[in-house]
Chemist: 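Take a look at this one; I'll ask things after.
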There are 2 protein chains.
Amino acid sequence: MALRHAVLAALLDEELSGYQLAKAFDLGVANFWHAQPQQLYAELTRLEKDGLIAGREVVQDTRPNKRLFTVTEAGLAELEHFTTTAAKPTFVRDDLLVKVQATDHIDTATLIGQLTERAAFAKAKIELFTKLLEGMRAGRTEEDFLRHGERIGPYLTCLRGLAFEQGNHDWCQRTIAVLRKRQGTRPRR
Amino acid sequence: MALRHAVLAALLDEELSGYQLAKAFDLGVANFWHAQPQQLYAELTRLEKDGLIAGREVVQDTRPNKRLFTVTEAGLAELEHFTTTAAKPTFVRDDLLVKVQATDHIDTATLIGQLTERAAFAKAKIELFTKLLEGMRAGRTEEDFLRHGERIGPYLTCLRGLAFEQGNHDWCQRTIAVLRKRQGTRPRR
DNA sequence: CGTGTCATGTAATTTGTTACATGATTGA
DNA sequence: TCAATCATGTAACAAATTACATGACACG
């Protein structure tokens, strides 16, 4: 039941609709958690039923109506309680890594293609995160912002996201280079 | 159905028992995938039924008997096919990041405690991976090993694991420092 | 004499993914 | 006019976690 807490944490900053939350959790702008829209709509229903968030209907004439959610007192208490429980380590589950593990036994060209794709994906994220961080700093230096800023949670998690994608990018590039060099010297299979 | 391929990739190097696989996948020595023992035993049964791996019984007198598994021709073909399908991007799901996202609203001391724990965990993994890499290189330089080594898949995925844990460690330390500095200047809540 | 390792599972439950469904509006 | 965006769901299925179960040997 960690999705609940991720949703609560996301709603701390602003009132959001299921749709807005879904975008953030799906495209990975929410660096702390990933989830599909369907999961979020379901979780929002449960959270509201349990009184941890409160929704209010916003009637729109040009767009379909939507419901904006806010964390309640009980929701905040729940989050606080969650924080006191031990955090379990994160574990990797990555298709691409499985494929790289299997290199020497599989086609190198295909692998290089996928590594290139992943590197491009990482680069796009790096640029996005860099801009997001810049926006949050709003002119201040990082040092200043982190010391005196009102709300630094999202900034800190975004920093982790940035470093993660930089790690991805670097590793992909390095791996591509290694595989290319071998292609010449050692014929595969 | 990606666990299948992770298991196949792990069995490429050596014949392993369910128990040995479980240890690798559970404690995260298998940097490409994580899974619990129960999942692995179930998957091994399915893989054998589908003819992608072959098991052989090893009778032991001092220890319970065990089954060692090898990848079959069909298994290798399956892996090869898997490699040609597009790899989906990995997504983060991390309790600790959820908690950091919620900082400014929750108790800082507890958070610092958990970040410290995570940093120590990361450091232990860094040391483990560093040694594993050293072992695989077996005296050669990294450049030399990666160019001429027989089997570099596990080395490459281990490199990613190492970088990941270094990222974790650095970020935890930085976050701890930031939170500590604020504790003095801005009283919480 | 208790704790940890070796060794393998079954069953119940919780999460997460994929497929399907609807319908208006905005921009290319 | 075609695709994308806004907006919310339901239902079926696959994957992962948690709990439960067994039993011998090794180490301190």
Side-chain angles (χ1 to χ4, degrees), chain A residues 1-7 15-30 33-50 53 55-69 85-95 98, chain B residues 1-7 15-30 32-50 53 55-69 82 85-95 98:
Chain A
M1 263 206 278
L3 175 58
R4 332 198 69 178
H5 305 111
V7 172
E15 238 186 0
L16 292 171
S17 67
Y19 186 80
Q20 289 174 295
L21 273 171
K23 265 205 307 186
F25 277 77
D26 199 16
L27 305 176
V29 186
W33 206 264
H34 171 259
Q36 241 98 40
Q38 292 84 346
Q39 246 185 303
L40 284 164
Y41 283 116
E43 192 61 51
L44 285 170
T45 308
R46 261 174 271 145
L47 277 164
E48 197 183 18
K49 197 193 69 199
D50 296 348
I53 59 172
R56 74 181 173 92
E57 183 92 10
V58 173
V59 181
Q60 300 180 121
D61 39 316
T62 163
R63 290 270 163 218
N65 296 347
K66 63 180 170 183
R67 314 201 59 215
L68 295 180
F69 296 94
T85 67
K88 40 188 100 162
T90 338
F91 289 114
V92 180
R93 273 190 189 124
D94 191 336
D95 275 8
V98 172
Chain B
M1 266 206 277
L3 175 59
R4 333 198 69 177
H5 305 110
V7 172
E15 240 186 357
L16 292 171
S17 67
Y19 187 80
Q20 289 174 294
L21 272 172
K23 264 205 307 185
F25 276 77
D26 199 16
L27 304 176
V29 186
F32 45 101
W33 206 264
H34 172 258
Q36 240 99 41
Q38 293 83 348
Q39 247 185 302
L40 285 164
Y41 283 115
E43 193 61 51
L44 285 170
T45 308
R46 262 174 269 146
L47 277 164
E48 197 183 18
K49 198 193 68 198
D50 297 348
I53 59 173
R56 74 181 174 94
E57 183 92 11
V58 173
V59 181
Q60 301 180 119
D61 40 315
T62 164
R63 291 268 163 219
N65 296 347
K66 61 181 171 183
R67 314 200 59 215
L68 295 180
F69 296 95
F82 168 67
T85 68
K88 39 189 100 160
T90 339
F91 289 116
V92 180
R93 276 194 187 119
D94 190 336
D95 275 9
V98 172

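We name chains A, B, ... by the order of the sequence lines, and we start the count at 1 in each one. What you are looking at is a predicted structure, and each value in this text was computed from that prediction instead of being measured. The basis for the numbers below is simple: all heavy atoms, side chains too, and nothing from hydrogens, waters or symmetry mates.
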Chemist: For B/Arg63 and for B/Thr45, locate the closest nucleotide of DNA chain C by heavy-atom distance; then report the residue assigned to the nucleotide nearer the 5' terminus.
Modeler: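 The 5'-side residue here is B/Arg63.
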Chemist: As an exercise, state the distance from CZ of B/Arg46 to CG of B/Asp50, rounded to the nearest 0.5 Å.
Modeler: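 The distance works out to 9.0 Å.
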Chemist: What class does the angle between the rings of B/His34 and A/Phe91 fall in, given that below 30° is parallel, 30 to 60° is tilted and above 60° is perpendicular?
Modeler: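 If you compare the ring of B/His34 with that of A/Phe91, the planes turn out parallel.
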Chemist: Give the rounded distance in Å between these two atoms: CG of B/Asp26 and P of C/dT5.
Modeler: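 After rounding, the gap between these two atoms is 13 Å.
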Chemist: Once you round to the nearest 0.5 Å, how far does CG of A/Leu44 lie from OG of A/Ser17?
Modeler: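 These two atoms lie 9.0 Å from each other.
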Chemist: Ignoring backbone atoms, test whether A/Thr62 places a side-chain nitrogen or oxygen under 4.0 Å from the OP1 or OP2 oxygen of C/dT26.
Modeler: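 So the side-chain polar atoms of A/Thr62 do come within 4.0 Å of the phosphate oxygens OP1 or OP2 of C/dT26, strictly under.
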Chemist: With the side chain of A/Pro64 defined as its heavy atoms from C-beta on, choose the nearest nucleotide among C/dG23, C/dT25, C/dC6.
Modeler: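 That would be C/dG23.
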Chemist: Quick one: OG1 on B/Thr85 to CG on A/Asp95, what's the gap to the nearest 0.5 Å?
Modeler: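 If we round to the nearest 0.5 Å, B/Thr85:OG1 and A/Asp95:CG are 7.0 Å apart.
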Chemist: What is the distance, rounded to the nearest whole Å, between atom OH of A/Tyr41 and atom C1' of C/dT18?
Modeler: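 It works out to 17 Å between those atoms.
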Chemist: Rounded to whole angstroms, how far apart are CD on A/Gln39 and P on C/dT14?
Modeler: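 Distance check: A/Gln39 CD to C/dT14 P gives 15 Å.
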Chemist: Working to the nearest 0.5 angstrom, can you tell me the gap between A/Lys66 NZ and A/Gln20 CD?
Modeler: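 Rounded to the nearest 0.5 Å, the NZ-CD separation comes to 5.0 Å.
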Chemist: Could you tell me how far apart B/Gln20 (CD) and C/dT5 (P) are, to the nearest whole angstrom?
Modeler: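 These atoms are roughly 15 Å apart.
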Chemist: Quickly work out the A/Asn65 CG to C/dT25 P distance and round it to whole Å.
Modeler: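 Those two atoms, CG and P, are 12 Å apart.
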Chemist: So if I take the C1' atoms of five pairs at each end of the helix from C/dC1-D/dG28 to C/dA28-D/dT1 and get each local axis, what angle do the two axes make, rounded to 10 degrees?
Modeler: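 Rounded value for the end-axis angle: 50°.
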Chemist: Would you mind reading off the distance between B/Phe69 atom CZ and C/dA7 atom C1', rounded to a whole angstrom?
Modeler: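 Going from CZ in B/Phe69 over to C1' in C/dA7 covers 12 Å.
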Chemist: Considering only heavy atoms of chain B and a distance under 4.0 Å, specify the first and last nucleotide of DNA chain D in 5' to 3' order that meet this criterion.
Modeler: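 Counting from the 5' end, contacts occupy D/dA15 to D/dA26.
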Chemist: Counting side-chain heavy atoms from CB outward, which of C/dG16, C/dT25, C/dT5 is closest to B/Arg93?
Modeler: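 It is C/dG16.
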Chemist: Contact class for A/Gln38 vs. all strands (heavy atom < 4.0 Å): base, sugar-phosphate, or nothing?
Modeler: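 Touches a base.
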Chemist: Find the distance between CG (B/Leu68) and CD1 (B/Ile53) and round it off to the nearest 0.5 Å.
Modeler: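 Result: 11.0 Å between the selected atoms.
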Chemist: Check the distance between C/dT14's P and A/Lys88's NZ and give it to me in whole angstrom.
Modeler: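 Distance check: A/Lys88 NZ to C/dT14 P gives 14 Å.
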Chemist: Answer whether the closest heavy-atom distance between the side chains of B/Phe69 and B/Leu47 falls below 4.5 Å.
Modeler: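 Result no, sub-4.5 Å side-chain heavy-atom pair not found.
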Chemist: So how far is it from A/His5 NE2 to A/Glu43 CD, rounded to the nearest 0.5 Å?
Modeler: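 Rounded to the nearest 0.5 Å, the NE2-CD separation comes to 9.0 Å.
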Chemist: Between A/Gln36 and A/Asp26, is the side chain to side chain contact (heavy atoms under 4.5 Å, CB included) condition met? List the steps.
Modeler: CA-CA 5 Å; A/Gln36 241 98 40; A/Asp26 199 16; 3.9 Å; yes
Chemist: Rounded to the Å, how far apart are A/Gln36 CD and C/dA19 C1'?
Modeler: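 In whole Å, C/dA19 C1' and A/Gln36 CD are 12 Å from each other.
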Chemist: B/Lys66 or A/Arg46: which one's nearest nucleotide on DNA chain C is closer to the 5' end?
Modeler: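 Nearest nucleotide further toward 5': that of B/Lys66.
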